[in-house]
Amino acid sequence: MATTASLANPNTFSSTITHRQQPPASISTFNAFTSTKQPSFKTLISHKTPTVIRHASVIAAAAASDSPSSAPATSFHGECYVVRDNIDTDQIIPAEYLTLVPSKPDEYKKLGSYALVGLPESYETRFVETGEYRTKYPIIIAGDNFGCGSSREHAPVALGAAGAVAVVAESYARIFFRNSVATGEIYPLESEVRVCDECKTGDVVTIELEKSVLINHTTGKQYALKPIGDAGPVIEAGGIFAYARKAGMIPA
């Protein structure tokens with residue numbers, strides 16, 4: 001299942017990702033995040049600050065300097081949170097919390113506290129503890145069809161607000177994959193094998209983006225990941241509009 005998208009023109013981005021769920025005709029719903037007064041999460045993700053600042057639990061293999069052209073993060077490390085198949089967007093962020101506006105810092109923070117709160121009671125360990133705003137699990141490991149269900153940009157945004165930096169899944173619903181890249185909140189990575197059957201919540205893992213590999217330090221096993229491809233620079237830039245501005249495709 002291909003996850004690489006052509007970025008020669010941002011308007012062709014959504015049509016080149018081959019995932020299960022069809023995206024909407026446009027991404028006009030991001031207008032609220034990308035007005036001239038408040039560019040898409042610009043105050044939350046900046047290339048002028050060290051990449052490690054993006055999420056407190058991220059460890060960058062090569063920390064960025066004050067230069068905008070400095071090297072991006074290539075490695076993420078921390079405890080993982082494991083879920084199973086068909087985790088839908090209502091489980092990721094229930095509809096009752098969609099009134100929160102991510103472009104408002106206080107509401108963005110609050111959105112993170114509700115990430116994955118819709119999981120069934122069989123998940124005894126909470127992704128974000130009650131009373132907390134951020135998770136101690138920067139990496140989510142999932143099964144098949146992660147992010148299925150209704151279209152809501154709040155789903156990857158809530159995960160990013162909670163402190164998650166990447167999801168490693170067997171496959172994704174197409175709309176969730178696209179929203180993850182378009183918002184620049186998390187890296188949606190695909191595994192070559194069913195990693196969720198071999199990892200447990202709390203295992204300490206490392207993702208090496210350049211090598212496309214997941215290392216489980218708790219079990220000593222290593223898993224190949226499908227390369228993120230041209231979607232990587234879009235996420236690193238902070239989303240598709242931030243990438244387009246940086247590349248000179250649209251006015252800054």
Side-chain angles (χ1 to χ4, degrees), residues 1-8 10 12-23 51 54-55 58-62 71-78 80-89 92 137-149 155-156 159-160 164-200 203-217 219-240 243:
M1 190 174 299
T3 56
T4 302
S6 172
L7 299 175
T12 65
F13 177 75
S14 63
S15 63
T16 57
I17 305 174
T18 55
H19 288 268
R20 299 184 174 202
Q21 190 169 332
Q22 293 300 317
T51 307
R54 181 178 178 189
H55 293 289
V58 177
I59 297 179
T74 58
S75 177
F76 306 124
H77 178 85
C80 68
Y81 189 85
V82 180
V83 295
R84 310 301 297 175
D85 300 327
N86 302 312
I87 301 300
D88 62 38
T89 52
I92 296 172
Y137 306 105
I139 297 166
I140 299 168
I141 295 178
D144 184 47
N145 202 26
F146 186 84
C148 57
L159 296 178
V165 293
V167 178
V168 176
E170 187 178 3
S171 68
Y172 294 91
R174 181 178 181 180
I175 189 63
F176 179 87
F177 182 93
R178 195 193 77 165
N179 285 340
S180 297
V181 179
T183 60
E185 285 289 317
I186 57 172
Y187 285 84
L189 303 169
E190 283 186 293
S191 56
E192 294 282 1
V193 297
R194 192 171 167 79
V195 182
C196 68
D197 287 342
E198 301 191 24
C199 296
K200 296 185 299 182
D203 284 357
V204 178
V205 300
T206 296
I207 293 174
E208 297 283 354
L209 286 180
E210 290 185 346
K211 297 179 181 179
S212 296
V213 66
L214 169 72
I215 304 167
N216 187 324
H217 301 285
T219 64
K221 293 184 178 181
Q222 183 170 304
Y223 307 93
L225 305 176
K226 297 178 183 179
I228 190 66
D230 288 345
V234 179
I235 300 169
E236 181 61 34
I240 192 168
Y243 177 86

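The residues of the chain are indexed from 1 along the displayed sequence. The structure presented is a predicted model; accordingly, all values stated were derived computationally and were not measured.
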- request: Check whether any side-chain heavy atom of Asp197 lies under 4.5 Å from a side-chain heavy atom of Arg84, and answer yes or no.
  value: yes
N/O donor-acceptor pair under 3.5 Å between Tyr172 side chain and Leu189 backbone: yes
field: Rounded distance (nearest 0.5 Å) linking atom OG of Ser191 with atom CD1 of Ile141
entry: 8.5 Å
task: Take Arg178 and Ile240 through the side chain to side chain contact (heavy atoms under 4.5 Å, CB included) test and state the conclusion after the steps.
output: CA-CA 10 Å; Arg178 195 193 77 165; Ile240 192 168; over 6 Å; no
field: Main-chain N/O of Asn145 paired with Ser171 side-chain donor or acceptor, under 3.5 Å
entry: yes
- request: Output, in order, the C-alpha distance, side-chain angles, deciding distance and verdict of side chain to side chain contact (heavy atoms under 4.5 Å, CB included) for Val205 and Tyr223.
  value: CA-CA 11 Å; Val205 300; Tyr223 307 93; over 6 Å; no
message: Would you say that more than 12 heavy atoms from the other residues, nucleotides or ligands in this model lie under 6.0 Å from the CD of Glu210, or not?
response: no
query: For Glu170 and Glu190, which heavy atoms make the closest approach, and how far apart are they?
result: O-OE2, 3.8 Å
message: Taking the side chain as everything from C-beta on, heavy atoms only, tell me whether His217 gets closer than 4.5 Å to Thr206.
response: yes
- line: Shortest non-hydrogen pair, Ile235 vs Pro188, comes out as CD1-CD, 3.7 Å
message: Check whether Asp203 reaches the backbone of Cys80 with its side chain - one donor and one acceptor, N or O, closer than 3.5 Å.
response: no
message: Just so I know, are the side chains of Val204 and His77 near enough to count as touching, which here means a heavy-atom distance under 4.5 Å?
response: yes
task: Quick one: pull up CD in Glu192 and CG in Leu225 and give me the separation to the nearest 0.5 Å.
output: 8.0 Å
query: Roughly how far, to the nearest 0.5 Å, is CD of Glu236 from OH of Tyr187?
result: 4.0 Å
task: Kindly compute the distance separating CG (Asn216) from CD (Glu198), expressed to the nearest 0.5 Å.
output: 9.0 Å
task: Answer whether the closest heavy-atom distance between the side chains of Ile228 and Val181 falls below 4.5 Å.
output: no
Shortest non-hydrogen separation from Glu185 to Gly160 and the atoms involved: OE1-CA, 3.2 Å
query: Nearest 0.5 Å, what's the CD1-CZ distance between Ile92 and Phe176?
result: 4.5 Å
statement: Closest heavy-atom pair, Lys200 versus Val82, reported as atoms and distance to 0.1 Å, is C-CG2, 3.5 Å
task: Would you name the heavy atoms of Ile139 and Gly78 that are closest together and state the gap between them?
output: CD1-N, 4.4 Å
query: How close do Ile186 and Ala164 get, heavy atom to heavy atom, and via which atoms?
result: CG2-O, 3.5 Å
- prompt: Taking atom CZ of Phe146 and atom SG of Cys196, what is their separation to the nearest 0.5 Å?
  reply: 11.5 Å
